[in-house]
Amino acid sequence: MAAAKSTPTDSLSFCLAQLTAAAGEGLGGGKDTATNETPLGRALLALRTRHVKAAGGIERFRARGGLRPLLALLRRAAAAGPAQSQAGAGSAPSSVESAASSGPSPSPGSAPSAASPGTPETPARLRKTLDLALSILANCCTEGACRAEVRRLGGILPLVTILQCVKTDSIQNRTARALGNLAMEPESCGDIHSAGAVPLLVESLTACQDSQCRQSVVRALRNLADSPQHRLALAQQGAVRPLAELLAAAPDPALTLALVRALLELSRGCSRACAEQLSLGGGLGPLVGLASHPKRALREATILILANLCAQGLVRPALGNAGGVEVLLGELRRRRGLNGVSPASQQPLVRAVCLLCREAINRARLRDAGGLELLMGLLRDPRASAWHPRVVAALVGFLYDTGALGRLQALGLVPLLAGQLCGEAGDEEEEGREAASWDFPEERTPERAEAGSFRSLQSWLISEGYAAGPGDISPDWSPECCPPPPEPADLTSPTSLRTPRAVRPPGRSPTASAAEEPWGREGPALLLLSRFSQAPDPSGALVTGPALCGLLAYVTGAPGPPSPRALRILARLTCNPACLEAFVRSYGAALLRAWLVLGVAPDDWPALRSRQARRSQHQHRELGEMLLQNLTVQAESPFGVGALTHLLLSGSPEDRVACALTLPFICRKPSLWRRLLLDQGGLRLLLSALTRPAPHPLFLFFAADSLSCLQGLVSPTGSPAVLPAIPLDLDPPSPCLYEPLLGPAPRPAPDLHFLLDSGLRLPAQRAASATASPFFRALLAGSFAEAQMDLVPLRGLSPSAAWPILHHLHGCRGCGAALGPVPPPGQPLLGSEAEEALEAAGRFLLPGLEEELEEAVGRIHLGPQGGPESVGEVFRLGRPRLAAHCARWTLGPEQCPRKRALALVGLVEAAGEEAGPLTEALLAVVMGVESGGKGPSLDC
């Protein structure tokens, strides 16, 4: 087959020459348009269909300088536009050159026009030339280098002029497409706005009927919304309402997608003007309908538009009426149910749902659609921790919705709120004033705010039918005549939370006066907790371990002074008789004393947490004592006495132990605590529970503190006898009576030697040894063979264990020999020579030596150098006197609460399953029988 015949237009040089000639570049004199028009048309057609569309064709066209003549041609066409638009039907159109005389002048240095003056040119041929040139320019502007050069050559203004003058749909389509491509560059986008193209695009959108033209205009508007300033400018120039009206007219699918994409871009950071125009244009209903579109891209874009619109309070009620609440909740629920979906995709929906909680009508819809459960799921999700402050602030809207509050409490909101008090602040941005609740629209009047607000409320009540006229509304309702009472200020109206103050940095609320309380990020959570605490019986929700821990952690750990609302919550709970049993069951009273009075938080036990020194420990102690005093008032009332008696005698085993432990903290009447703890067995019940599994992480700490308090109640003035805390090197030594037998010239001479297993021979006096112990009297002066032997073996004794025995046999008391076998603190006593010596003293019937050895063990391990870890080691020896010493050391008034509790832990571990010795030792110390005096009677 023969090759196709080549034509001049196959050459890019030929096409560029024709374009340059038509633009007037490098030509001298004018030419007849009739002889030059056909080559120009062919050249433009070839450029559009072959050269520009070829691979690398746009870059070659730009490199060969094709953009300059192309733009010059468009300038002349733009200049001809006004004259063409002024010509009536049937009149002969003027030439390009004659039209240019009344329009913008050509670019500097340009040659005369290719069309000579007076030469007629049909409008159809001009439109065709303009159509081809604009198509070429739009195609070229798809590449960044061409867009930059078009802007440099000043090509934006001619396009705007064409858009203004030539109202043909095809020309409008090509021009809008070129402007849309140019708007992809931020600099060009700003120039297009400055050239005044937006009103012309909006006019074209409403005037043209061609779907392709509308899509190009919509795309241009979308690309022009590249920044918040430009989006606001588009909305203020009325670009949103025509888009919404077109969407409401149910256009074809392609145009619908273009409209949705444009509205999505325009609604980012949704302004008030954008929301108003979209609502007035009837776009809310169609958008809600498109949220269930089968096409994913269209559906997701629509949902994001609805989420963006929620930033404007004025449109949220209408959005809820259109079904937007259910749509947004359903989409958020769907995304949370998908595995692998990043939290970032849920962020705009979470924000929208939280904003919808600001109007009462939407709160009702959200509650009925299962939104409360969804919000609670967000609060429980650690991955959504950045949104927790926003969610809590949204829940404040349900502050007076009794049904919703009951549901939230049943879902476990209270412990989550308590955990939020000391949580990290979210990174959500602060909402503007436009996001405020639309239940009470802001008053736009220069008059006084109080009077204006009252008139606004008055007009709203009349408009909604709640009042027939101004006479039905009492003037006493005016804020000027009705100052707010002090305590209800605790329950700030949810509609007054104009902005999500949970995400605001700690400080005062924007409208706070000098008399108002600080409102930090914890304000919404405290407001909800305060509302829950005002229920008749808030014990089930607030008097629990997690809730109390959250409140106390906030009170003691807040970076600044805690909110007075938190202190009022604690005071309200401790003053409520319905909460008394809950404080007892949950160990709440013991927790208040440990955390506030003693300064030991759960995180500080058993290991002390490294943290900064508390600057307000004195204030915390006063608060704790005040709260415990409140509980004491409740406990000693007739109702409290009955409740505690019933709990101790008829409660579950766990409740009985908790009641016995709590009584020393909240009972100060001797008749009451003696009857409950001593007569009715509460003390023995508590002691027997020490060796069982702990019902609370701080149970042993609480128990040690409780026993110490009870000891103070039993003996308020006296203190139990304790071992003297005197260093050994300061004790005056007693004379040693055994030492003279050990020298090279012993006096008197020994008449007996004891032989140890190691072969060591220890000198002794037979008469002194026989007198000191019944065992040695029978052994050395009786009928045994050893009575006739001068070398008597002592089996099972090491030299260190035998040394204090020989000293004791010869009358030494307090010479220091008993200290020899005792290891230093920190070393185990079980298996040591001290245990061996104690065992030998008992075997040889030397009770005095046993007591002396036990005293030596107590002095070393329970003295100033000993610590709480030594108490358990001493108790493991199983000696009753040492057990009493350990109990006295543990409950001694000079011990700090931490050491006391650690010592009790060691005692419990050492006792194991044999709780009897430990119980009896602690019982004796608490009742004061160890002091040698007559302790109170104990009928347990």
Side-chain angles (χ1 to χ4, degrees), residues 379 388-400 405 413-426 430 484-494 496-535 538 541-544 546-576 579 588 591-592 595-596 601 612 614-627 630:
L379 280 180
H388 287 173
R390 182 183 290 277
V391 174
V392 173
L395 292 178
V396 173
F398 297 92
L399 198 65
Y400 295 108
L405 285 180
L413 175 62
V414 171
L416 296 176
L417 290 175
Q420 288 293 311
L421 293 179
C422 295
E424 296 294 331
E430 184 176 345
E487 179 55 28
D490 189 9
L491 297 176
T492 307
S493 172
S496 66
L497 302 179
R498 287 301 183 107
T499 57
R501 286 177 278 193
V503 297
R504 182 180 295 113
R508 303 188 68 85
S509 61
T511 60
S513 64
E516 290 183 346
E517 299 175 0
W519 182 274
R521 61 165 302 278
E522 72 281 356
L526 284 175
L527 193 59
L528 286 166
L529 290 174
S530 178
R531 181 69 174 90
F532 283 117
S533 71
Q534 296 180 16
L542 279 168
V543 190
T544 62
L548 290 177
C549 285
L551 285 168
L552 294 177
Y554 166 71
V555 169
T556 59
S563 171
R565 181 170 285 125
L567 308 183
R568 290 199 300 273
I569 292 173
L570 291 171
R572 190 178 296 124
L573 295 175
T574 54
C575 290
N576 192 338
C579 297
L591 183 66
L592 291 175
W595 206 326
L596 297 177
Q612 297 179 352
R614 294 179 179 175
R615 297 170 293 178
S616 305
Q617 183 59 42
H618 177 67
Q619 298 177 357
H620 298 161
R621 183 182 183 90
E622 290 182 348
L623 173 64
E625 292 174 349
M626 182 268 290
L627 297 176
N630 293 343

Practice task
Can you sort out the partners of E625 under salt bridge (charged side-chain N to carboxylate O under 4.0 Å, His left out), two or more places apart, ordered by chain and number?
Solution key: R621

Minimum heavy-atom distance [X]-[Y], with the two atoms named:
X    : Y    : answer
A541 : V414 : O-CG1, 3.1 Å
V396 : P524 : CG2-CB, 3.5 Å
N576 : P538 : ND2-CD, 3.4 Å
L596 : Q617 : O-NE2, 3.3 Å
F532 : L417 : CE1-CD1, 4.2 Å
V392 : A525 : CG1-N, 3.6 Å

I need the [X] [atom1] to [Y] [atom2] distance, nearest 0.5 Å.
X    : Y    : atom1 : atom2 : value
I569 : Q534 : CD1   : CD    : 9.0 Å
R572 : N630 : CZ    : CG    : 12.5 Å
L567 : M626 : CG    : CE    : 7.0 Å
Y554 : R565 : OH    : CZ    : 9.5 Å
L395 : R390 : CG    : CZ    : 13.0 Å
L416 : L528 : CG    : CG    : 11.5 Å

Exercise for the section: Begin from the C-alpha positions of L592 and T574 and carry the test side chain to side chain contact (heavy atoms under 4.5 Å, CB included) through to its verdict. Expected result: CA-CA 10 Å; L592 291 175; T574 54; 4.2 Å; yes

Does the side chain of [Y] come within less than 4.5 Å of [X]'s, by heavy atoms?
X    : Y    : result
P415 : T544 : no
L552 : L570 : yes
V555 : W595 : no

Handout entry: Test item: H388 side-chain N/O and L379 main-chain N/O as donor-acceptor pair under 3.5 Å
Key = yes

Exercise for the section: Please check if the side chain of S530 supplies one atom and the backbone of L527 the other of a donor-acceptor pair under 3.5 Å. Expected result: no

Practice task
Walk me through it: do L421 and L529 pass the test side chain to side chain contact (heavy atoms under 4.5 Å, CB included)?
Solution key: CA-CA 10 Å; L421 293 179; L529 290 174; 4.0 Å; yes

